[in-house]
Each structure stands twice: as structure tokens, then as C-alpha cells.
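All ligand and atom numbering here is 1-based and tracks the order in the structure.
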Amino acid sequence: MGISVPKVLVVDSRSRATTDLITFLKDSGYEVLWADDGETAFNILDSEIIDVMIAELHVHRINGMRLLHVAKKRNPEVCVIVITADADVELATEAMRQGAYDFQTKPLNLSKLKVVIERAVSHQRLVFEMHDLHQRIDERYGLIGIIGDTPKMVQVYAKVREIAPTQATVLLTGKTGTGKALVATAIHANSPRRDCPFVKLNCAALAESLIESELFGHERGAFTGAHKTRKSRFEIADGGTLFLDEVSEISLSTQSKLLRFLEERQFERLGGNETIKVDVRLIAATNKDLKELVAEGKFRGDLYYRLAVVLIELPELRERKQDIPLLVEAFLEEFNKRHNKSVTGVSRGVMDALMNCDWPGNVRELRNCIEGMVAFSRPACVLGVSDLPPYLREQKPSSDGFYLHVGMTMQDVEKTLIEKTHHSTGYNKEKTAEILRIGLRTLYRKIKEYQIE
Ligand SMILES: Nc1ncnc2c1ncn2[C@@H]1O[C@H](COP(=O)(O)OP(=O)(O)OP(=O)(O)O)[C@@H](O)[C@H]1O
Ligand SMILES: [Mg+2]
């Protein structure tokens, strides 16, 4: 829908009432098109973007429902207001079910109709703007709330978009603070289950013995202290998604039960014999190397493969440092709002320090760091090096950086930079050349010249 004058298509046979309606709409400032038969209506819908269609369902040679269907198909944003000669409730219900926005009976109350159209137009505009906004946010930030536009993150978004609509079980791996919980939420929010519950269970926060009863529920008296029957998280999540965080922490016996659930989609509560069937999608996360745990016999291999039907590995922040400025910008905005502050940016020195840090706590650590700085900031300031937490203030070269000192030759600098970059890309020559903005051939030549590797 354009921001210009809304376009209204009237579909009704020639009559005094139709002429009155068209005049009224034009006087109200709308651009009006008119079709008095199906053929003309379909042609207009093919060639024009219509904001609102007002259609009489019993027009000569038109099947009203078909018209509604075609209009929506060709232009999903169109708002359809249906008109009938008499109050036919069944027809009205059917039209609404097919996506009509409103329903009016003849003789039309024009001022009432005007209110409906205005509401329809602003509703459509909102839908359009939200769509546009989401699209713009998506382009820059990936999925709502997940920030970063480096290739590693773009790969994550692509995978999330691809698998979100499916039923597949997902395993999210990555170091602490890399955004596993955020991605789990995004998968649910982008799936057809989005209107059903998203239930979380953090296995590391519960005693091993409790995990099983939380996960599968228990009957009254199932064990000492089980005074009441407790529903399982699976039942609570029915129709939706269960997010099992820190999945490495579950005991081997609970692992077998989980495996059975994944195979059969059913289970019994502890102490119960009724088999319960649920429709739950499972997303698991871990910051451990599950494969290693499998090798050590601490995690069932068959469960691992069931969980990792789709495996998404979240990169560490140090592997995507180019995202730091974008993250900083977003966190400044978030914490300015939360703490009622007005930080306008960070100085060059601060950004250098942030870019130089290795961030073992990943995005969470960066986020906390920015929050701390914003919370203590003066009004309308640019954050300077003195605002940095002490551990960031003293500029130590991180494993990604190196010291430049007087006495080095240009060749020394070039050699060291290439070595460091090459190391940071995991010795991927294409990537190294890309980061250094030199040709691949040049890189090969320099690697040979400096005897790197
Ligand atoms: N790409 C990102 N964009 C914006 N915020 C992020 C991003 N990644 C993580 N965060 C933020 O960092 C914090 C930690 O993220 P999250 O809880 O998802 O990490 P995690 O991988 O589950 O960590 P842990 O293993 O410690 O549980 C959250 O506040 C989250 O909103
Ligand atoms: Mg987490």
C-alpha cells in the first residue's frame, strides 16, 4: 500500500446507490475504480494495487466468494468489505472466514462505511509498515533481536529461516553468551508453533534427580515429597516448543527416557502408567562439546544424533569482531532507554579497546560492559576510555592484536599482520585475502616471500 491516496475498488452493478457510493467515496478523498461485472473486476485486480475493495456478493455474473479469493491471491494486502442486499449471516460468516475485513448490508449507511474504510486503511498501513520495518530490521540485523551481519551470522539466519517452519529437532552449540537462548526463541517465533507455548528447562539449574520429574512430570506419591501430581514440561509445551538448555547435564537414565520420547513422541509420568502423547518440538542447547562427552561415555550417542538432526553452531564473538560496532550501537540504544540516559556514542579509543578484547563471555559480556558504562554515564556524553571498566582500559594486545614499535620495518609489519590474520581465519587463504583486501595471488606471493607457515 502506498502512502498516497488510498485506492478503492467498488464492485457492484449500475444503480443509483452505486453512483451515490462512488460520489461519496470520491468526496471523501479516495481514488475510486468501479467494476460492474466480474471480468472488469478481475482485470483491475490484475493491473492495479487496490487498498480497499468494496464488493456486493450478488453482482450479476460474479461469484462473490471467488472474487474475494482472487482479490486476496493477487493482492494479499487488500482489505475487502463485503456488501449484501440482506443480512445473510451465513454468507457473512463465510466471507469473513475467507479473509474479508468487514461486512455491511444494504441500504448502506455511508458514514458508517466511511469509518470502516478508515479503520481498514490504517490497519493495512500498519500491517504494511510492520512488514516493512521487520524486513528492514531483518536485513540489517538478521532475525528480530539477533544482531550481526558478518557472514557467520548470516549463515545462522539462513539456517534458522530454513528450519524454523519444519518440525526438526535442533541442537544449538556455542560458548557461553553466544546467543543460544536467543536463537532458540527466534526458531520458535518463526515457526508455525509461535502462538503456542515456548517452554524452557535449564538442566544446569536443577538437581539431576529433579530434571526427570520436571521433564516428564510425576504422579502423586511417585517419590517421597511428591505430594501432588505434577504436569510435565512436555505437556505444558504441547503444540509448541520445549527448549532444553544445558542438555549435557541430564543423567544417563533421563537421557534414555528422552531418547524414547524423541522416537515415539510419548512418555509416562514418573509413577504413572498412562502413556501421554504430545506434539512438541524440541530444541536443545549446550556449551559443552557433546561429541566429546559421547566419546567419554557420558552422553548417549544415539541421543546425540537424535538431537542434532539440525545442528547450529554459534560463533564466538572473537570470530566475528566486525559485528562489535553494530552490537554496541544497539546496546547503547537499549540501555539509554532502560536507564533513562542519553549516551550519544563511544570514542575511537573505546571502540578500539572493545575491538581488541577477546570477549570470553561473548555477547553477554559485551552487553554487560556497555550497560555498566551507560548506567554511570553523564548526560549527553560520548563514552571515553576513562569510562571503560579497568580490565579493558589498559590496552593489552589480545591474541588477535600485536605490538607495533619503532624500529620495525614495513616488511616486519606486513609479515606479522599477514601471519596473525592468516592464523585468525584458521589458515583460510580466501578469507585472509578478503580481510586484508588484497588479491589471492598477492597473498600467495607474500606467504612465499615471508616464508609464512
Ligand atoms: N547476536 C546477538 N545479538 C544481540 N544480543 C545478543 C546476541 N547474542 C547474544 N545476545 C545477548 O547476550 C546475552 C546472552 O545470550 P544468550 O543467553 O542467548 O546466550 P547463551 O548462548 O544461551 O549463553 P549460555 O551458554 O551462557 O547460557 C543475552 O542478553 C542476549 O540477548
Ligand atoms: Mg543460555
Side-chain angles (χ1 to χ4, degrees), residues 134 136-161 164 170-190 198-206 211 214-215 233 241-250 282-293 299 307-308 310-339 346 354-355 357-375 389:
H134 283 178
R136 273 187 289 135
I137 293 176
D138 271 13
E139 273 162 17
R140 180 125 192 246
Y141 297 127
L143 295 150
I144 305 295
I146 310 180
I147 296 161
D149 58 11
T150 45
K152 286 200 167 160
M153 288 311 284
V154 171
Q155 270 174 22
V156 170
Y157 306 146
K159 205 147 181 192
V160 168
R161 286 207 184 87
V170 183
L171 180 64
L172 301 168
T173 64
K175 295 272 158 51
T176 176
T178 48
K180 297 183 293 294
L182 205 56
V183 170
T185 317
I187 294 173
H188 175 75
N190 284 279
F198 177 73
V199 176
K200 294 182 216 171
L201 184 69
N202 185 343
C203 304
L206 293 172
I211 298 176
E214 278 295 321
L215 207 50
R233 296 281 172 127
T241 308
L242 179 68
F243 176 43
L244 264 190
D245 207 357
E246 316 281 3
V247 70
S248 60
E249 302 309 301
I250 61 180
L282 195 70
I283 302 180
T286 181
N287 54 25
K288 300 251 168 75
D289 185 342
L290 272 194
K291 269 201 166 153
E292 205 167 278
L293 295 181
F299 202 86
L307 290 176
V310 174
L311 183 67
I312 301 183
E313 299 180 73
L314 293 175
E316 287 177 66
L317 186 53
R318 79 181 77 173
E319 298 169 46
R320 55 177 190 109
K321 282 192 169 174
Q322 298 90 321
D323 279 336
I324 291 178
L326 211 53
L327 286 159
V328 169
E329 188 192 323
F331 294 149
L332 283 180
E333 199 185 320
E334 177 185 348
F335 295 121
N336 267 337
K337 267 195 209 125
R338 179 176 305 174
H339 300 290
V346 302
L354 299 178
M355 294 291 280
C357 178
D358 261 353
W359 300 114
N362 294 293
V363 184
R364 179 184 291 114
E365 189 184 0
L366 174 64
R367 192 165 177 274
N368 291 343
C369 168
I370 303 290
E371 175 163 26
M373 288 200 280
V374 173

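- Contacts of Ile147 with ligand 1, taken as heavy-atom pairs under 4.0 Å, involve both backbone and side chain.
- The N/O atoms of Ile146, backbone and side chain alike, include none that comes under 3.5 Å of an N/O atom in ligand 1.
- Across the listed options Thr173, Leu182, Asp323, Leu172, Leu182 owns the non-hydrogen atom lying nearest to atom 7 (C) of ligand 1.
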Open item on the list: Determine whether Asp323 and Val363 satisfy the following criterion, side chain to side chain contact (heavy atoms under 4.5 Å, CB included), listing intermediate values before the conclusion.
Closed with: CA-CA 10 Å; Asp323 279 336; Val363 184; over 6 Å; no
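- Considering only heavy atoms from C-beta on, Cys357 stays 4.5 Å or farther from Leu317 through its side chain.
- The Asn287 neighbourhood of ligand 1 comprises atoms 25 (O), with distances under 4.0 Å to a heavy atom of that residue.
- At the top of the distance list for atom 29 (O) of ligand 1, counting protein heavy atoms only, stands Arg367 NH1, 3.3 Å.
- Taken to the nearest 0.5 Å, the CD atom of Glu214 stands 11.5 Å off from the CG atom of Leu244.
- Looking only at side-chain heavy atoms (C-beta outward), Asn368 and Arg364 come within less than 4.5 Å of each other.
- The protein heavy-atom contact nearest to atom 23 (O) of ligand 1 is Gly177 N, 2.8 Å.
- Here the closest heavy-atom approach between residue Gly148 and residue Arg320 is recorded as CA-NH1, 4.0 Å.
- Counting heavy atoms from C-beta on, the side chains of Ile283 and Val183 never come closer than 4.5 Å.
- For atom 26 (O) of ligand 1, the closest heavy atom belonging to the protein is Thr176 OG1, 2.6 Å.
- In this structure a side-chain-to-backbone donor-acceptor pair under 3.5 Å is missing from Trp359 to Glu316.
- Taking each of Glu371, Lys175, Arg364 in turn, the one with a heavy atom nearest to atom 24 (P) of ligand 1 proves to be Arg364.
- At least one N or O atom of Gly179 sits closer than 3.5 Å to an N or O atom of ligand 1.
- Counting protein heavy atoms only, atom 20 (P) of ligand 1 is closest to Lys180 N, 3.5 Å.
- The proximity of Arg320 to ligand 1, defined as any non-hydrogen pair under 4.0 Å, is limited to the side chain.
- Below 3.5 Å of separation, one finds an N or O of Ala181 facing an N or O of ligand 1.
- Put simply, part of Gly145 is less than 4.0 Å from ligand 1, judged by heavy atoms.
- A distance-only check finds no donor-acceptor pair linking the side chain of Lys180 to the backbone of Leu171 [under 3.5 Å].
- Note on ligand 1: Leu327 sits in its first shell, one or more heavy atoms being nearer than 4.0 Å.
- Electrostatic pairing of Lys337 and Glu333 counts as a salt bridge here, judged by a charged N lying under 4.0 Å from a carboxylate O.
- For the pair Lys200 (side chain) and Asp245 (backbone), a donor-acceptor distance under 3.5 Å is absent.
- For ligand 1, the polar-atom distance check finds no N/O of Val363 at less than 3.5 Å from any of the ligand's N/O atoms.
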